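Below: the structure, in structure tokens.
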Amino acid sequence: VSGKDIFGAPFSEKAHLLFLDKAEFSFSLFRPVAEKQPLRVSFEPQSDHCVEGLVTSVKSRLDGMQTVEVKVLYRRN
């Protein structure tokens, strides 16, 4: 996952995918992100599949991670 965190700093971090379909996806992430921010997800090394989307929901978890839900804006295979 790459994009900007809630402080505006660029980042790239491996994330754990929780859900994926054509319109939306969600994953677990340590880096704090904000709603309405664009993110890019590359599914590597398994494929060259890349998804760009807009964060629609961020839920903090007790383990320090966040569950981030993203609406798909663009897909590339």
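Note that this is a predicted model, so its numbers are computed, not measured.
With sequence neighbours excluded, the residues forming a side-chain hydrogen bond (donor to acceptor under 3.5 Å, both in side chains) with Ser28 are Arg61, listed by chain and number. Residues satisfying the salt bridge (charged side-chain N to carboxylate O under 4.0 Å, His left out) test with Lys59, not counting sequence neighbours, are Glu69.
In this structure, the side chains of Val70 and Thr56 stay at 4.5 Å or more apart for every pair of heavy atoms. When side chains are defined from C-beta on, Cys50 does not count as touching Tyr74, because their heavy atoms never get closer than 4.5 Å.
The cluster map of Ile, Leu, Val, Met, Phe, Trp and Tyr, joined by side-chain heavy atoms under 4.5 Å apart, puts Met65 and Phe25 in different clusters.
Of all the heavy atoms in Phe27 and Leu17, the pair that sits closest is CB-CA, 3.9 Å. Smallest separation of non-hydrogen atoms from Leu29 and Ala15: CD1-CB, 4.1 Å. Smallest separation of non-hydrogen atoms from Phe30 and Glu13: N-OE2, 2.8 Å. What you find for Ile6 and Val33 is that their closest heavy atoms are CG2-C, 3.1 Å.
Of the inter-residue distances, the one linking Ser57 atom OG with Lys71 atom NZ reads 14.0 Å to the nearest 0.5 angstrom.
Counting only residues at least two apart or in different chains, salt bridge (Lys or Arg N to Asp or Glu O under 4.0 Å) contacts with residues 15-42 comprise Asp5-Arg31, Arg40-Glu52.
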